[in-house]
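The structure appears below as structure tokens.
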Amino acid sequence: MKHGYQDWDAPDGAIDYPRLSKFLKHVKDTGCIPDDHRSHDHLNKHTDLPIEAECQRRLAENFRVIQDQVKESNHINIVWGLVDGFLLYWNQEVMEQLDMRFLLRLPLKTLEGRRRGRQVYITATQFNPEGDEWVDPPDYWETIVLPAYLDAHREIFEGGDVENGGLTNKVEGLVLIEPEKEDKEMSMTDIVERCCQELYQLVRAEQVGS
């Protein structure tokens, strides 16, 4: 508890990092999600953010081709695992399980608007692993969420400036994506294409080096 509220955002307590690291290692070693894994994320509200059909078709074909090439030349079957989370770059063991690292940086005002616009969402507790309903109290953003966000990200950016600072060397190979930068606003299609380009180059580089 913090300020009388359950704190779901503090980087040192919001995530069971040993459990997450163990899970990611299992997925990397086997290419499969553990049989006993349970998720309640499907109970949360999700916003549909489609990308342009031509881009989706082109990227899918590019990845199909490179996967076939890797399988034929290296006898490796690529299995893609996407890990989405707001505290991925706090724990070193978790970071080491990620082959590619992306971070979307948005203005704090945008983050605040998205958080306040969220209604009911589902959280796991030790008493109910299936998830309990949670609604942010009116001052939860400024009391809990914003301080935790700044704490979790200040070491990633120079001078602790999470909105405008350049990257430090805390997270190796981190790709910073800023969709609302004044000089280059990005659509969801732009963001997906940028990420896929980085992933494609990663596979190409490993293929050449093998």
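Contact record, L88 with D84: CD1-C, 4.3 Å, taken as the closest heavy-atom pair.
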Inset, instruction - Quick one: do D136 and W134 satisfy side-chain hydrogen bond (donor to acceptor under 3.5 Å, both in side chains)? Show the steps, please. - result: CA-CA 7 Å; D136 285 351; W134 169 267; 2.7 Å; yes
Can you give the donor-acceptor pairs under 3.5 Å from side chains of residues 159-167 to other protein atoms, not counting sequence neighbours?
unit_1, atom_1, unit_2, atom_2, d
D161, OD1, E163, N, 3.2
D161, OD1, N164, N, 3.0
E163, OE2, L108, N, 2.9

Give the table of side-chain donor-acceptor pairs shorter than 3.5 Å for residues 168-180, with sequence neighbours excluded, one pair per line with atom names and distance.
unit_1, atom_1, unit_2, atom_2, d
T168, OG1, E155, O, 2.6
T168, OG1, I156, O, 3.1
T168, OG1, K170, N, 3.3
K170, NZ, Y89, O, 3.3
E178, OE2, R105, NE, 2.9
E178, OE2, R105, NH2, 2.9
E180, OE1, T110, OG1, 2.9

For residues 25-33, please give each side-chain donor-acceptor pair under 3.5 Å, one per line with the distance, not counting sequence neighbours.
unit_1, atom_1, unit_2, atom_2, d
K25, NZ, D29, OD2, 2.9
K28, NZ, Q97, O, 3.4
K28, NZ, D99, OD1, 3.2
T30, OG1, H26, O, 2.7
T30, OG1, C32, N, 3.1
T30, OG1, C32, O, 3.2

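For CG of L49, the number of neighbouring non-hydrogen atoms (other residues, nucleotides, ligands) closer than 6.0 Å is greater than 12.
Here E198 pairs with R194 in a salt bridge; the nearest charged N to carboxylate O distance falls below 4.0 Å. A salt bridge links R115 with D9: the distance from a Lys NZ or Arg NE/NH1/NH2 to an Asp or Glu carboxylate oxygen falls below 4.0 Å. The existence of a salt bridge linking E185 and K181 is excluded, since no basic side-chain nitrogen approaches an acidic carboxylate oxygen closer than 4.0 Å.
For R101, there are no salt bridge (charged side-chain N to carboxylate O under 4.0 Å, His left out) partners two or more places apart in sequence or in a different chain. Partners of F63 according to the ring-ring contact (aromatic ring centres under 6.0 Å, His included) rule, which considers only residues two or more places apart in sequence or in another chain, are W80.
Remark: I144 CD1 to Y5 OH distance equals 8.0 Å, nearest 0.5 Å.
Residue pairs satisfying the ring pair (Phe, Tyr, Trp, His ring centres under 6.0 Å) criterion with at least one member in residues 142-173, sequence neighbours excluded, are listed as follows: Y149-H153.
Checking R58, R57, R64 one by one against E61, the salt bridge (charged side-chain N to carboxylate O under 4.0 Å, His left out) holds for a single residue, R64.
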